[in-house]
Undergrad: 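My structure is below; once you've seen it, I'll send some questions.
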Amino acid sequence: MRGLGALLVLAGSGMAWVLHRREATLAMRLGEALLEDLAVLRYHVCVCRDPLPEILGKRLDSGLGAERFWRPLLDRLGAEKSLASCWAEAAGALPPPLNRLLEPIGPLLAAGGGPAGRAIEETREELTGFIRAEHIRQVQSGRLSAALCLSGACLLILVLI
């Protein structure tokens, strides 16, 4: 019976670590998704000159980026607000620093062409730097949180036995 209790405590600790890691890596995973999506956006805005609602509805309609940024942006655009204000609202809902990185693109998208393309590329470069730094931080943080969860579970097992 004690062995089963110890196993349950360890399993609970492992699940707590998994949930913590999933939440802690959300900004990095979302940044990676948006990095790919911004390349698609740049191509369709600058080269194909497609309208933004069509891009959002057909090209950027799946994945984590769509769930957290592109669909809310498309919903806001349907309310007949300006593109800049809709973009600012959608970007403001993102976790930091993604909100700060994506916000400057909105006002330039309406113009299209060169300024929008340069802004998207600059944002992609900043996102790449953020993802690299966040990956390094997450590796170090993951080890620490795993050690804390495991040591906490072991201490609880020792106290309960």
Side-chain angles (χ1 to χ4, degrees), residues 1-45 52-79 81 85-106 109 119-161:
M1 200 50 110
R2 288 182 183 174
L4 181 61
L7 186 61
L8 288 174
V9 168
L10 284 173
S13 172
M15 286 305 298
W17 179 76
V18 168
L19 291 175
H20 171 72
R21 293 292 298 156
R22 184 176 295 156
E23 186 176 316
T25 60
L26 175 64
M28 184 177 69
R29 291 182 292 125
L30 184 55
E32 290 170 344
L34 289 173
L35 183 65
E36 294 174 14
D37 291 347
L38 284 174
V40 172
L41 179 70
R42 182 179 182 276
Y43 174 75
H44 285 281
V45 165
L52 188 60
E54 181 181 315
I55 298 168
L56 297 177
K58 294 182 180 176
R59 308 286 186 238
L60 300 173
D61 61 342
S62 62
L64 185 60
E67 179 184 321
R68 294 292 188 120
F69 185 66
W70 304 116
R71 281 190 208 125
L73 176 61
L74 185 59
D75 293 343
R76 285 179 172 90
L77 285 173
K81 296 180 185 176
S85 67
C86 292
W87 186 279
E89 288 175 16
L94 294 173
L98 298 176
N99 55 0
R100 179 186 51 80
L101 292 175
L102 276 128
E103 197 167 343
I105 297 175
L109 274 180
I120 292 171
E121 277 307 307
E122 288 175 14
T123 302
R124 290 189 75 232
E125 289 173 13
E126 290 177 14
L127 265 174
T128 302
F130 163 73
I131 291 168
R132 284 186 188 134
E134 187 66 12
H135 181 69
I136 292 168
R137 192 185 75 73
Q138 288 297 330
V139 167
Q140 295 168 346
S141 173
R143 291 179 187 150
L144 180 62
S145 63
L148 285 173
C149 287
L150 183 60
S151 63
C154 290
L155 180 63
L156 182 62
I157 290 169
L158 287 174
V159 167
L160 293 177
I161 290 182

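Just so you know, these numbers use all the heavy atoms, side chains as well, and skip hydrogens, waters and symmetry mates.
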Undergrad: I need the minimum non-hydrogen distance between W17 and C149, along with the two atoms involved.
TA: CB-SG, 3.8 Å
Undergrad: Mind checking side chain to side chain contact (heavy atoms under 4.5 Å, CB included) for L150 and listing every partner two or more places apart, or none if nothing turns up?
TA: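 Scan of L150 (side chain to side chain contact (heavy atoms under 4.5 Å, CB included), adjacent residues dropped) gives L10, C154.
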Undergrad: Between R29 and E32, does any side-chain N to carboxylate O distance fall below 4.0 Å?
TA: no
Undergrad: So, for A91 and F69, which heavy atoms are closest and what is the spacing to 0.1 Å?
TA: N-CE1, 3.4 Å
Undergrad: Short question: side chain of T123, backbone of A119 - any donor-acceptor pair under 3.5 Å?
TA: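 Indeed, once roles are kept as given, a pair shorter than 3.5 Å links the two residues.
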Undergrad: Does anything in residues 53-78 pair up under salt bridge (charged side-chain N to carboxylate O under 4.0 Å, His left out), and if so which pairs, sequence neighbours excluded?
TA: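 Applying salt bridge (charged side-chain N to carboxylate O under 4.0 Å, His left out) to every pair that reaches into residues 53-78, excluding sequence neighbours, yields R76-E89.
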Undergrad: Taking all non-hydrogen atoms of both residues, which atom of I157 and which atom of A6 are closest, and how far apart?
TA: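 Shortest heavy-atom contact: CD1-O, 3.5 Å.
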Undergrad: Mind checking the OG1-CZ spacing from T25 to R137? Nearest 0.5 Å is all I need.
TA: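 That separation rounds to 10.0 Å.
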Undergrad: Quick one: are I120 and R124 in side-chain contact, heavy atoms under 4.5 Å?
TA: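 The answer is yes, as the side chains (C-beta and beyond) meet within the 4.5 Å cut-off.
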Undergrad: Could you pull out the closest heavy-atom pair between L127 and L98, with the gap in Å?
TA: CD2-CD2, 3.3 Å
Undergrad: Dump the intermediate steps for side chain to side chain contact (heavy atoms under 4.5 Å, CB included) on E134 and I131, then the final yes or no.
TA: CA-CA 5 Å; E134 187 66 12; I131 291 168; 5.7 Å; no
Undergrad: Identify the heavy atoms of R21 and S141 that sit nearest to each other, and give their distance.
TA: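 Where R21 meets S141 most closely, the heavy atoms are NH1-C, 4.3 Å.
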Undergrad: Considering all heavy atoms of both residues, which atom of P72 and which atom of A66 are nearest to each other, and what is their separation?
TA: CD-O, 3.7 Å
Undergrad: Evaluate the criterion side chain to side chain contact (heavy atoms under 4.5 Å, CB included) for residue pair V40 and E36; output intermediate values, then yes/no.
TA: CA-CA 7 Å; V40 172; E36 294 174 14; over 6 Å; no
Undergrad: Roughly how far, to the nearest 0.5 Å, is the CD1 atom of I55 from the CG atom of D37?
TA: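 These two atoms lie 11.5 Å from each other.
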Undergrad: Are E23 and L26 packed together at the side-chain level, in the sense that at least one heavy-atom pair is separated by less than 4.5 angstrom?
TA: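 A side-chain contact under 4.5 Å is absent here.
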Undergrad: For the CD atom of Q140 and the NE2 atom of H135, what is their distance to the nearest 0.5 Å?
TA: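 Between Q140 CD and H135 NE2, I get 10.5 Å after rounding to 0.5 Å.
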Undergrad: Kindly indicate whether the side chain of W70, heavy atoms from C-beta on, has any atom under 4.5 Å from the side chain of L41.
TA: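 W70 reaches L41 side chain to side chain.
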Undergrad: Measure the shortest side-chain to side-chain distance between L34 and L101 over non-hydrogen atoms and say whether it is less than 4.5 angstrom.
TA: no
Undergrad: Considering residues at least two apart in sequence or located in another chain, which fulfil the side chain to side chain contact (heavy atoms under 4.5 Å, CB included) criterion with L148?
TA: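 Per chain and number, L148 pairs via side chain to side chain contact (heavy atoms under 4.5 Å, CB included) with L144.
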Undergrad: Under a 4.5 Å cut-off applied to non-hydrogen side-chain atoms, are L102 and L38 in contact?
TA: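 Yes. Closest side-chain heavy atoms under 4.5 Å.
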